[in-house]
Amino acid sequence: MSVVKPVRGTHDLIGEDSRRHQHVIQVAKKVTSLYGFEEWITPVFEETAVFARSLGETSDVVSKEMYCFEDRGGDSLTLRPEGTAGICRALVTNGLTQSLPQKAFYTGPMFRYERPQKGRYRQFHQIGAELLGTSTPFADAEMIAMGYHILRELGIADDVVLELNTLGDIASRKAWREALISYFQAFQSQLSEDSRNRLEKNPLRILDSKSPEDRALLANAPALKDHMTPEAQTFWDQLRVALDQFKIPFKENPYIVRGLDYYSHTVFEFVTTKLGAQGTVLAGGRYEGLVEEMGGPSVPSIGWAAGVERLALLLEESPKVAAPVVIIPLSNEVHDVAFSALQVLRYDGIYAEIAYKGNLRKQMERANKQNAPLALLIGDDEAQKQVVQVKDLISGEQAEVAITDLVTHCKMKLAK
RNA sequence: GCGGACGUAGCUCAGUCGGUAGAGCGCCGGUUUGUGGUACCGGUUGUCGCGGGUUCGAUCCCCGUCGUUCGCCCCA
């Protein structure tokens, strides 16, 4: 019989992988709660239109990476490729546009049909946060500070650089975009093929091209700063001052434009060099029209998302496995005492395991492998006297303890 | 979607200039009777990713395929 395989680009998280993954999510939940964020749990699939409209029809994610399917009722549904669109949809459907601002944290699987690589999967997991309904640059700074806080808490802040840019407001961007098109049109023949295709649709993307022929042209390309409206300029200035006040180090990078179409003003990426081509670890920006796309009012917002797998890969060390107190009954006849000891410990919140097979020596070996701090030996004599031998596996000391004192004694031992 | 590398025990990997394969780790058991961490002894496992071709014979060569991985692209 042939062995079934996991689907390409999916992976199982078991043991150490699971612990690392879980650790990232727990830290994110803890940190975001310090900033007033609550978890929103939204569906893994939505109507296709939710993503198609919001991410930009021409973006790669929409045009070639989505898992779309027709359900039995004939509706076109899509497994979410990212989290922001669903959050905006939920904001509108739940009438929360009446009570802004809203702070949403989310986590869960996302789906993109891409060529898998390390740190890049077809089903992957993100943590993300959206601050909906604020238009001040201080909100942007705080959101970035929150992202940084998580990286710091995970112990990877030093492996990562914050790259920051502004796309200006709509008016600035429009003027700049036109300037870019006319500039690059003059050099059309020198552009890479990809960039020639992008020229009309999304000329901003040429800016983060890696191809040398494009890069050569970038130096003299029109800069946004020459097209910024005074309002957009103020926003950008205030953001940078605020980041300094939050003491978040950043590097300005005028070439960050981001792949999803909905951004304006602030865009940023926390980038590492330790993951090869998959260096972006936490990224986001400000967006304005998204909630309107979902049929709501204009709700200026700022958000970011981070790849859980990528963060887990960067973790220096794996979270430890919990170590149990191990109860070793020396015969089936003492199960009476052993099981009640087991249950008393667990009811008191102590992680306890019981050994069923092997001789005492083997059981001790196993307890040692599990890193057990204590082994509780119960033989016929002990059962008779209603005591257990409590052996401290670190010091090697052993003491006879009455069953009635077991929990207190174990707690005292474990506290050390 | 494009280009390159790789695919051998649970894990990390060696190997066969083509004659069906090994090490370390792990796992199991033992070194006498109710006591671990060290040491010693013994044992354990593979359709050598899958399919086809060349060959007397392929895990080793060729082609395809699937998967992983690096870069591009894209992105978290």
Side-chain angles (χ1 to χ4, degrees), chain A residues 1-3 5-11 14-16 24 28 55 59-65 80-84 107-128 147 160 192-195 197-198 202 205 208-212 256-260 268-272 275-284 303-314 326 328-331 334 355 357-382 389-398:
Chain A
M1 201 166 67
S2 62
V3 180
K5 295 175 297 186
V7 173
R8 181 160 150 95
T10 66
H11 55 157
I14 297 172
E16 186 181 336
V24 170
L55 309 188
S59 70
D60 279 38
V61 169
V62 171
S63 59
K64 44 196 189 202
E65 294 176 1
R80 62 184 182 195
E82 57 100 52
T84 306
T107 177
M110 306 292 165
F111 306 84
R112 263 124 78 165
Y113 189 87
E114 292 183 277
R115 178 115 170 214
Q117 240 172 76
K118 185 164 63 177
R120 177 170 150 188
Y121 309 100
R122 289 184 174 180
Q123 176 176 333
F124 62 104
H125 299 79
Q126 288 188 332
I127 51 175
V160 136
S192 70
E193 193 187 328
D194 281 337
S195 290
N197 294 332
R198 289 190 279 232
N202 195 349
R205 291 217 58 84
D208 67 354
S209 166
K210 282 177 197 151
S211 84
I256 297 184
V257 297
R258 316 237 357 104
L260 307 178
F268 64 93
E269 299 183 356
F270 285 92
V271 180
T272 175
L275 292 176
Q278 280 67 242
T280 302
V281 126
L282 185 153
W304 52 250
V308 178
E309 285 83 353
R310 291 184 186 178
L311 293 174
L313 243 21
L314 289 173
V326 174
I328 302 178
L330 297 174
S331 74
V334 301
K357 67 169 205 196
N359 57 28
L360 177 53
R361 182 192 166 81
K362 288 297 158 198
Q363 292 176 330
M364 288 297 284
E365 271 177 20
R366 243 172 267 130
N368 194 55
K369 259 171 215 148
Q370 290 181 87
N371 262 316
L374 299 174
L376 311 191
L377 311 187
I378 304 170
D380 294 332
D381 296 348
E382 285 78 13
Q389 300 292 337
V390 178
K391 174 147 184 170
D392 182 324
L393 292 182
I394 295 152
S395 67
E397 289 163 21
Q398 187 165 317

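Proteins come first, then strands; the chains are lettered A, B, ... in the order of their sequence lines, and each starts at number 1.
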With rounding to the closest Å, how many angstrom separate the P atoms on rG7(B) and rC63(B)? 15 Å
N/O donor-acceptor pair under 3.5 Å between Arg122(A) side chain and Glu114(A) backbone: yes
Report the nucleotide, chosen from rU35(B), rC75(B), rG34(B), that has the shortest atom-to-atom distance to any side-chain atom of Met364(A). rU35(B)
Across all strands shown, which nucleotide pairs with rG67(B) by Watson-Crick or G-U wobble geometry, both distances under 3.5 Å? rC6(B)
Complement of rG29(B), any strand, by Watson-Crick or G-U distances under 3.5 angstrom: rC41(B)
Could you check which of rG34(B), rU35(B), rC74(B) has an atom nearest any side-chain atom of Glu65(A)? rC74(B)
Distance, P atom - from rC25(B) to rA21(B), rounded to whole angstrom: 23 Å
Contact class for Gly284(A) (heavy atom, under 4.0 Å): base, sugar-phosphate, or nothing? nothing
Return the value, rounded to whole Å, for the distance between atom CD of Glu365(A) and atom P of rU38(B). 9 Å
Sub-3.5 Å donor-acceptor pair from the side chain of Glu82(A) to the main-chain atoms of Met110(A), do we have one? no
Spacing between Glu382(A) atom CD and rG34(B) atom C1', to the nearest angstrom: 8 Å
Tell me: CZ of Phe111(A) to P of rA76(B), nearest whole Å? 16 Å
rG51(B) and rU8(B), which share atom name P, separated by this distance in whole Å: 16 Å
What contact category does Lys118(A) fall into here, base, sugar-phosphate, or nothing, at under 4.0 angstrom with non-hydrogen atoms? sugar-phosphate
Residue Arg366(A), side-chain heavy atoms: nucleotide from rU68(B), rG1(B), rC28(B) that is nearest: rC28(B)
On a whole-Å scale, what distance lies between the P atoms belonging to rU54(B) and rG67(B)? 27 Å
Check the distance between rG71(B)'s P and Leu275(A)'s CG and give it to me in whole angstrom. 10 Å
Between Gly9(A) and Asp380(A), which residue's closest nucleotide on RNA chain B lies nearer the 5′ terminus? Asp380(A)
Roughly how many Å apart are rC2(B) and rG49(B), using the P atom of each and rounding to a whole number? 25 Å
Main-chain N/O of Gln126(A) paired with Thr107(A) side-chain donor or acceptor, under 3.5 Å: yes
Go through the N and O atoms of the side chain of Arg361(A) and the base of rU31(B), and report whether any donor-acceptor pair is under 3.5 Å. yes
Got a donor-acceptor contact below 3.5 angstrom from the Glu309(A) side chain to the His125(A) backbone? yes
C1' spacing across the pair rC70(B) / rG36(B), given as an integer number of angstrom: 45 Å
Between atom CD1 in Ile328(A) and atom P in rG37(B), what is the gap in whole Å? 13 Å
Counting any heavy atom closer than 4.0 Å, what does Ile394(A) reach on the DNA or RNA strands: base, sugar-phosphate only, or nothing? base
Euclidean distance, atom OH of residue Tyr121(A) to atom P of rC74(B) [Å, nearest integer]: 21 Å
Closest heavy-atom contact between Val160(A) and Phe270(A)? CG1-CD2, 3.4 Å
Pair Leu311(A)-Leu282(A), side-chain contact (heavy atoms from CB on, under 4.5 Å): steps then yes or no: CA-CA 9 Å; Leu311(A) 293 174; Leu282(A) 185 153; 5.6 Å; no
Just call it for Gly128(A): base, sugar-phosphate, or nothing, with non-hydrogen atoms closer than 4.0 Å on any strand. nothing
Between Gln370(A) (side chain only) and Ala372(A) (backbone N and O only), is there a donor and an acceptor less than 3.5 Å apart? no
Atom CG of Leu374(A) and atom C1' of rG36(B) are separated, to the nearest Å, by 13 Å
Does any N or O donor sit under 3.5 Å from an N or O acceptor when you compare the side chain of Gln117(A) with the base of rU68(B)? no
Does rC75(B) have OP1 or OP2 sitting under 4.0 Å from an N or O in the side chain of Arg120(A)? no
Between Asn368(A) and Ala305(A), name the one whose nearest nucleotide on RNA chain B is closer to the 5' end. Asn368(A)
Asn359(A) side-chain proximity, nearest of rG30(B), rU35(B), rA76(B): rG30(B)
Distance-only donor-acceptor test, Gln278(A) side-chain atoms vs rG71(B) base atoms, 3.5 Å: no
Check whether the side chain of Arg115(A) and the base of rG71(B) form a donor-acceptor pair under 3.5 Å. no
For the side chain of Ala283(A), starting at C-beta, report the closest nucleotide among rC70(B), rA76(B), rC27(B). rA76(B)
Is the side chain of Arg310(A) donor-acceptor paired with the backbone N or O of Val281(A) at a distance under 3.5 Å, no angle test? no
rA14(B) versus rC73(B) - spacing of their P atoms, nearest Å: 32 Å
Please check the phosphate of rC74(B) (OP1 and OP2 only) for any side-chain N or O of Lys64(A) closer than 4.0 Å. no
Can you tell me how far P in rU20(B) sits from the matching atom in rG24(B), rounded to whole Å? 22 Å
Using Watson-Crick or G-U wobble geometry with both distances below 3.5 Å, tell me the partner of rC74(B), or none. none
Tell me: NZ of Lys362(A) to P of rG43(B), nearest whole Å? 16 Å
Per atom distances to the Leu377(A) side chain, the nearest of rC70(B), rU35(B), rC28(B) is rU35(B)
